[in-house]
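Just below is one structure, and these are the notes that go with it.
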Protein chains: 2
Amino acid sequence: MAARETDPKERLLDEAEALFAENGYHAVSVREITAAAGCNLAAINYHFGNKRNLYLEVFRTRWLARARVIQERVYETLQNKKEITPPALIRALAEAFLFGPMSEKDRLRHVQLMQREVIQPTEAFEMVMDEVMKPFLGALGERIRPYLPAGTDQERLMLNALSIISLILYFNFGRESVKRITGRAYDQAFREELIRHIVRFTTTGLGLGAGENAS
Amino acid sequence: MAARETDPKERLLDEAEALFAENGYHAVSVREITAAAGCNLAAINYHFGNKRNLYLEVFRTRWLARARVIQERVYETLQNKKEITPPALIRALAEAFLFGPMSEKDRLRHVQLMQREVIQPTEAFEMVMDEVMKPFLGALGERIRPYLPAGTDQERLMLNALSIISLILYFNFGRESVKRITGRAYDQAFREELIRHIVRFTTTGLGLGAGENAS
DNA sequence: GTCTATAGCAGGATAGAC
DNA sequence: GTCTATCCTGCTATAGAC
């Protein structure tokens, strides 16, 4: 697995993901990517056919894998609990996004990349939706359903789940806005405060009383 | 004011805004913009100096103006109320974004354009923050402060205000996601349902009990 | 598989006629 | 102010040597 650092194909995927996330597809040139990966200009066309395909391959081999890591992290956190309450679940979600198992930069990139697709969907959007968002929100919904009034319909459940996720995502990709408005840096202390806020706001938003009884 | 349709400079601003919002700055060429505006390739350089400056001018003369219209709309809606409760305020905000005074396309563009700056801030981000978001969130905070526990500090107030706005924005720019997850089209009925959800979720999220007593 | 070289085209910007 | 013509840079993609 040291292929990650030696294999040019792998390096291309890594550098491409970073650059696409930071600057967007059109703002990044294949020259930039190959230079960052320390390999030849022709490498992208050889390995992926064209630039567009490299972008899609980034989602297939990097983004989806990372999404799975984040999900696993959530389940790990919840493993030792006897009962998974909504506040504990939401806290685990928020922590996975704001602290998570990967580097700060990787986490930010992950959300940026997805957010670009949300604003302006391309082919990768289908992938993200079908393979991650739908099952993820479905599972999230089922987990919180027992705590909601009996007979809550599927649509309302999904609106609630979407609202939780959107808050968590916003406090990630909207960092610059949040910093400007609150005047705080995104350090450890502030992130913990953000998580407390997210848990409180969404838990009560679900109509479950002010529940901050998570780990 | 029919200058809007005849003056090439005005047409350039309109078409540029539409294209930048839909496809992003780098994906749009000056050739595309001038063609859409029905004027010459050299027009952008003549009137604005360069492409970048046109982009900033779009924010200065179009985006900020529209933000003001949206804000006015909010205050209009609230004008006849004797007491402006948080649910009424939030409903007015959500309505302004989801129905508002301008066309469906204009409303969507407005949010898309801003959202691109949120993900990847440029010079225009300062403008949006300083001239719209900060005062807007400040005013929103002050309006809801009287309903929150006494002594709620400024930071918590801003986190609450940010959360309200982020939900309203997400259900706008994240249309494709919301459609996929709920399986519903963005018609009048669904939008009204979304507004009810937003008002309920955020009002209770603020800790104010399930208050849907707005007009 | 990796390189160099280059084709072929689209991009932003400008000069200068009208 | 508006146009045409054009410069020149940078882009993606490919051909072909190694």
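Every chain is numbered from 1 and lettered A, B, ... according to where its sequence line falls, protein lines coming before strand lines. Bear in mind that the values here come from a model prediction, so they are computed numbers and not experimental data.
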When the side chains of residues 42-49 of chain A are checked against the rest of the protein, which donor-acceptor pairs come out under 3.5 Å, sequence neighbours left out?
none

Checklist entry - Which residues satisfy the side-chain contact (heavy atoms from CB on, under 4.5 Å) test with Phe136(A), sequence neighbours excluded? => result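 Result, side-chain contact (heavy atoms from CB on, under 4.5 Å) vs Phe136(A): Gln71(A), Leu93(A), Ile165(A).
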Next on the checklist: Restricting to side-chain contact (heavy atoms from CB on, under 4.5 Å), what partner residues turn up for Arg107(A), sequence neighbours left out?
Outcome noted: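 side-chain contact (heavy atoms from CB on, under 4.5 Å) list for Arg107(A), sorted by chain: Met102(A), Glu104(A), Arg191(A).
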Checklist entry - Looking at residues 22-29 of chain B, who's got a heavy atom less than 4.0 Å off DNA chain C? => result Val28(B), Ser29(B)
Checklist entry - Is any NZ, NE, NH1 or NH2 atom of the basic residue among Arg109(A) and Glu22(A) found under 4.0 Å from an Asp or Glu carboxylate oxygen of the other? => result yes
Checklist entry - Listed by chain and number, what are the salt bridge (charged side-chain N to carboxylate O under 4.0 Å, His left out) partners of Glu131(B), not counting sequence neighbours? => result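 Applying salt bridge (charged side-chain N to carboxylate O under 4.0 Å, His left out) to Glu131(B) gives none.
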Checklist outcome for this item: Across all chains, not counting sequence neighbours, the ring pair (Phe, Tyr, Trp, His ring centres under 6.0 Å) partners of Tyr75(B) are none
Checklist entry - Taking only residues two or more places apart in sequence, or in another chain, which ones meet Phe173(A) in a ring pair (Phe, Tyr, Trp, His ring centres under 6.0 Å)? => result Tyr170(A)
Checklist outcome for this item: Students should find that the nucleotides of DNA chain C closing off the region near chain B, any atom under 4.0 angstrom from a heavy atom, are dG11(C) to dT14(C)
Taking distance alone, no hydrogens or angles, what donor-acceptor pairs closer than 3.5 Å link side-chain atoms of residues 28-39 of chain B to residues at least two apart or in another chain?
residue: Ser29(B); atom: OG; partner: Glu32(B); partner atom: N; Å: 3.1
residue: Glu32(B); atom: OE1; partner: Ser29(B); partner atom: N; Å: 3.4
residue: Thr34(B); atom: OG1; partner: Val30(B); partner atom: O; Å: 2.8
residue: Thr34(B); atom: OG1; partner: Arg31(B); partner atom: O; Å: 3.1

Checklist entry - Between residues 47-58 of chain A and DNA chain D, which residues have a heavy-atom gap below 4.0 Å? => result Asn50(A), Lys51(A)
Item to check | Residues touching DNA chain D, which here means a heavy atom under 4.0 Å, drawn from residues 34-42 of chain B | outcome: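 Here the set is Asn40(B), Ala42(B).
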Checklist entry - Going by atom types only, do Glu95(B) and Thr77(B) share a side-chain donor-acceptor pair under 3.5 Å? => result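 The criterion, which ignores hydrogens and geometry beyond distance, is not satisfied for Thr77(B) and Glu95(B).
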Checklist entry - Gln115(B): what forms a side chain to side chain donor-acceptor pair (under 3.5 Å) with it, not counting sequence neighbours? => result none
